[in-house]
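Note sheet for the following structure.
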Amino acid sequence: MEFKAHFKRKRKSFHNFNKLAAFPICEYKGIFNGLAVEVVNTEQASIASLHDNGGYGKGSMSRGGPNSGNLQETLLLGLEEACLLAYFLEALEIRDLAGNTLSWTGFLQVALEYDTQFVYKLAAYLYLKAKNWIIKSGIKFGGDFLIYKQGPSHFHASFLVIVQNPSNDNSSHFVAKNLKGVQRVAETSDKDVLLINVKQTQEFNPLLVTRETLSALTIEETVIRRFNYTSFVQSKQKQ
């Protein structure tokens with residue numbers, strides 16, 4: 001049976017909208033606050049434009065994009081999307097709370113202190129972004145990411161993403177014990193579960209990773225969807 005992803009448009013979505021641009025169009029400045037990178041409005045760059053051009057971040061005073069109208073509202077970026085913007089697209093400058101600019105090595109250190117699996121999630125994030133998905137946090141549904149076609153303003157999420165590292169014993173334990181529960185949570189909101197296995201060589205060290213050595217990681221993806229015999233028979237009858 002051929003697999004087809006769900007693309008469920010929201011009822012209030014505008015049919016005549018401009019597609020999100022893949023890359024930001026300005027240079028932005030952000031502060032790593034210990035949990036996320038907080039981007040503020042400047043004279044040259046608006047946080048709304050960063051959100052609208054690529055679907056990055058979440059408004060600090062809004063449910064989705066920064067649309068509260070409050071000039072003090074900031075844009076909160078996840079670690080993976082902040083890393084992409086700063087060190088791959090060079091569209092963001094990240095500073096710490098003391099005002100010091102964070103280099104790649106400095107950001108990697110603080111990111112790993114916050115999340116020991118950051119490097120593997122970053123590899124998965126870059127892989128999904130290359131496929132033109134709009135990526136948001138999946139923590140509300142018990143996963144790592146939610147991925148959307150053209151963004152959550154227009155479509156419901158198609159997949160709940162779980163990032164796995166087979167060399168990590170805790171990763172395999174999660175699959176065996178909790179995957180079924182996560183699948184049921186996803187199904188209640190009409191999503192499929194996408195497992196992304198990030199495999200590494202024996203020489204790979206996440207503490208010493210560079211932008212170039214990320215290419216040593218390989219990605220395998222598996223879609224978890226419960227087989228529905230009735231839907232399968234009906235689809236065959238229509239053919």
Side-chain angles (χ1 to χ4, degrees), residues 22-42 44-45 47 49-51 53-58 60 74-131 133-139 143-145 147 161-171 174 196-220:
F23 303 108
I25 56 178
C26 302
E27 184 174 350
Y28 302 85
K29 298 183 183 298
I31 301 293
F32 178 67
N33 60 20
L35 298 175
V37 174
E38 195 169 11
V39 183
V40 298
N41 287 297
T42 66
Q44 294 78 24
I47 58 173
S49 66
L50 179 57
H51 177 270
N53 289 282
Y56 300 101
K58 175 187 179 300
S60 60
T74 59
L75 187 70
L76 302 176
L77 299 174
L79 298 185
E80 295 82 15
E81 56 188 350
C83 186
L84 168 66
L85 289 167
Y87 307 111
F88 291 86
L89 301 182
E90 298 182 350
L92 173 67
E93 180 184 82
I94 303 177
R95 296 179 179 268
D96 60 20
L97 293 174
N100 302 311
T101 301
L102 289 175
S103 64
W104 163 266
T105 303
F107 182 79
L108 180 64
Q109 180 179 352
V110 295
L112 286 170
E113 290 175 358
Y114 175 75
D115 184 358
T116 58
Q117 299 300 302
F118 167 72
V119 170
Y120 307 109
K121 292 178 183 178
L122 174 62
Y125 181 92
L126 296 174
Y127 172 81
L128 293 168
K129 199 67 177 176
K131 289 178 171 287
W133 288 103
I134 300 299
I135 309 168
K136 298 295 183 181
S137 172
I139 191 172
D144 295 305
F145 303 118
I147 55 176
V161 180
I162 298 174
V163 180
Q164 303 289 307
N165 176 18
S167 63
N168 186 336
D169 292 337
N170 293 329
S171 174
F174 173 85
I196 292 188
N197 289 319
V198 183
K199 296 185 177 182
Q200 64 188 61
T201 62
Q202 292 183 348
E203 298 79 15
F204 183 82
N205 186 346
L207 299 175
L208 302 175
V209 70
T210 66
R211 287 165 289 185
E212 291 74 21
T213 56
L214 274 174
S215 60
L217 298 173
T218 58
I219 303 290
E220 291 183 357

So, taking the atom named [atom1] in [X] and the one named [atom2] in [Y], what distance separates them when rounded to the nearest 0.5 Å?
X	Y	atom1	atom2	result
Phe145	Ile196	CZ	CD1	8.0 Å
Ile31	Leu102	CD1	CG	8.5 Å
Leu50	Glu81	CG	CD	8.0 Å
Thr101	Arg95	OG1	CZ	3.5 Å
Ile94	Leu77	CD1	CG	8.0 Å

Quick check: does any side chain N or O of Asn53 sit under 3.5 Å from a backbone N or O of Ser49, one acting as donor and the other as acceptor?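 At least one qualifying donor-acceptor pair exists.
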Is Lys121 reaching over with its side chain to a backbone N or O of Gln164, donor-acceptor style, under 3.5 angstrom?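 Pair absent, no side-chain N/O of Lys121 close to backbone of Gln164.
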Mutual orientation of the aromatic rings belonging to Phe107 and Tyr87 [parallel < 30°, tilted 30-60°, perpendicular > 60°]: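 Rings of Phe107 and Tyr87: tilted, 30 to 60°.
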Criterion side chain to side chain contact (heavy atoms under 4.5 Å, CB included) against Val39, the qualifying member of Leu92, Leu85, Thr74: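 So, applying the side chain to side chain contact (heavy atoms under 4.5 Å, CB included) to Val39 and each of Leu92, Leu85, Thr74, only Leu92 qualifies.
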Set of residues satisfying ring-ring contact (aromatic ring centres under 6.0 Å, His included) with respect to Tyr127, sequence neighbours excluded: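 Expected list: none.
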List the atom of Leu207, the atom of Leu108, and the distance in Å for their closest heavy-atom pair.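 Heavy atoms of Leu207 and Leu108 come nearest at O-CD2, 4.1 Å.
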Determine whether Thr218 and Thr201 make a side-chain contact, defined as any pair of heavy atoms from C-beta on separated by less than 4.5 Å.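 A side-chain contact under 4.5 Å is absent here.
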Please confirm whether Lys129 makes a cation-pi placement over Tyr56, using NZ or CZ under 6.0 Å from the six-membered ring centre and within 45° of the ring normal.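 Yes, a cation-pi geometry holds between Lys129 and Tyr56.
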